[in-house]
Amino acid sequence: MPPSNIPQHVAIIMDGNGRWAKQHGLPRIEGHRRGAEAVKRCLKAAQDYGVTHLTLYAFSVENWSRPKDEVDALMDLLDRFLQDQLPELLKRKIRLRVIGRYHELPDNIQARLREAEAATRDFDQHTLGLALNYGSRTEVVDAARSIAEAAQAGTLQLDQLDYDTFRQHLYTTDMPDPDLVIRTSGESRLSNFLLLQSAYAEIYLSPVLWPAFDEAEFKNALTAYAARERRYGKTAEQLIH
Ligand code: FPP
């Protein structure tokens, strides 16, 4: 039985691929490959439980500093994932939305992403967000630049700037804020992921290494979320009345 209080938007920091590989005496890239399998399981579980938005932290702005072999292997995995999964996204009517500095990704990846985003853009029931070359601080800088340009062009009055207007300049402009952020592998950091959008999100720290993440652990996270009381700064009494 799925829990009754289902989050609309779940965002996941997928961590532990390298440790999973090490534990199994395998190269790191095999951990990432198994991580891509976990992505497919998670996408299915999210849709089955009625989560409308699932956003995955697949590659951060900081990840470029990993060894070149590993970065190349991750891009290769992503390329294959997009190729394999596009028919699945179409079949299951899932819109793909990329958040991050798109234009700095390799050309072949940009082309695949554009193709998948264009092919799925009209689906409005389920969204898969992929955070690629993403970092919250970079996102805020990009938003500030975009706001400055709009002000210069005269389409935005700075004295009327409020958070609702500000959020329209974030990469996530057409997505609801995450209700639940999951981080796997027992780490308890937000690592520059959706920091503004997660202002009121509940956080679930899973001990499971990402390649081993499955439907049962997804359900554990949903169950923990359902038991929480979200107060948005109010007192418990105010919520009752
Ligand atoms: C963290 O594990 C994971 C990443 C840096 C990348 C996430 C990538 C995937 C799950 C696979 C590909 C994704 C898609 C969408 C096809 P880590 O390497 O930091 O693990 P460690 O902390 O144990 O070393």
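The figures here come from the full heavy-atom set of this structure, side chains too, leaving out hydrogens, waters and symmetry mates.
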Any Y49 side-chain heavy atom under 4.5 Å of L222 side chain: yes
salt_bridge(R41, E215) N-O dist < 4.0 Å | no
| query | Do the side chain of T52 and the main chain of Q8 share a donor and acceptor less than 3.5 angstrom apart? | reply | yes
T165-D162 side chain donor-acceptor pair, cut-off 3.5 Å: yes
Under a 3.5 Å threshold, yes or no: a donor from one side chain and an acceptor from the other, between Y200 and S198?
no
Shared hydrophobic cluster for I6 and I94 (ILVMFWY, side-chain gaps under 4.5 Å): yes
Considering only NZ, NE, NH1 and NH2 on the basic side and carboxylate oxygens on the acidic side, decide whether E187 and R19 come within less than 4.0 Å. yes
- Output yes when a side-chain donor or acceptor of N192 lies under 3.5 Å from a complementary backbone atom of R137, and no otherwise. yes
Margin query: I want to check something: taking the side chain as every heavy atom from C-beta on, are L90 and F123 in contact at a cut-off of under 4.5 Å?
Written below: yes
R183 side chain vs S206 backbone, donor-acceptor pair below 3.5 Å:
no
**Q.** Ion pair check, R92 and E88, cut-off under 4.0 Å
**A.** yes
Item checked: Basic-acidic side-chain contact under 4.0 Å: R97, D174 -> yes
* **Residue pair I109, L78: steps toward the side chain to side chain contact (heavy atoms under 4.5 Å, CB included) verdict** => CA-CA 8 Å; I109 300 286; L78 182 62; 3.8 Å; yes
request  = Kindly check if the number of other-residue, nucleotide or ligand heavy atoms within 6.0 Å of CG (D107) is above 12?
outcome  = no
Joining Ile, Leu, Val, Met, Phe, Trp and Tyr whenever any side-chain heavy atoms lie under 4.5 Å apart, the cluster holding V140 also takes in I147, L156, L158, L161, Y163, F166, L170, L196
*Could you tell me whether R101 and E104 make a salt bridge, using a distance below 4.0 angstrom between a side-chain N and a carboxylate O?*
yes
Exercise. May I ask you to decide whether K40 forms a salt bridge with E37, counting only side-chain N to carboxylate O separations under 4.0 Å?
Key: yes
Strictly distance-based, threshold 3.5 Å: is any side-chain N or O of R95 a donor or acceptor partner for the main-chain N or O of Q125?
no
- Does any N or O in the side chain of S136 come within less than 3.5 Å of the main-chain N or O of L195, such that one atom is a donor and the other an acceptor? yes
- prompt: Checking salt bridge (Lys or Arg N to Asp or Glu O under 4.0 Å) for the pair R34/E30: CA distance, chi angles, key distance, verdict?
  reply: CA-CA 6 Å; R34 295 300 196 90; E30 187 56 21; 3.5 Å; yes
| request: Answer yes or no: is there a donor N or O on one side and an acceptor on the other, between the side chain of W20 and the main chain of L209, under 3.5 Å? | output: no
Practice problem: For the residue pair K44 and Q47, establish whether any side-chain heavy-atom pair is separated by less than 4.5 Å. | Solution: no
Looking at side-chain heavy atoms only, is the closest gap between W210 and I12 below 4.5 Å?
yes
> Heavy atoms, side chains only, cut-off 4.5 Å: are V10 and I182 in contact?
Replying inline: yes
Using side chain to side chain contact (heavy atoms under 4.5 Å, CB included), reason through L96 and L130 one step at a time and then give a plain yes or no. CA-CA 7 Å; L96 177 74; L130 273 190; 4.0 Å; yes
Scanning both residues in full, the closest heavy-atom pair of M75 with L105 reads CE-CD2, 4.1 Å
Exercise for the section: Mark yes or no for whether T173, through its side chain, and H169, through its backbone, hold a donor-acceptor pair below 3.5 Å. Expected result: no
### Polar side-chain atom of S146 near backbone of D142 as donor-acceptor pair, under 3.5 Å
no
task = Would you check if the side chain of S65 reaches a backbone N or O of E62 as a donor-acceptor pair within less than 3.5 Å?
result = yes
Fill in: 4.5 Å side-chain heavy-atom contact, Y134 and V98
no
Report task. Measure from the side-chain N and O atoms of Y102 to the backbone N and O of L132, and report whether any donor-acceptor pair falls under 3.5 Å. Result -> no
Could you tell me whether R80 and D84 make a salt bridge, using a distance below 4.0 angstrom between a side-chain N and a carboxylate O?
no
For this session: Answer yes when R145 and E149 have at least one side-chain N-carboxylate O distance shorter than 4.0 Å, and no when they do not.
Result: no
The residue among E139, R167, H9 that forms side chain to side chain donor-acceptor pair (under 3.5 Å) with Q197 is E139
For N17 and P211 the tightest heavy-atom approach is OD1-CD, 3.4 Å
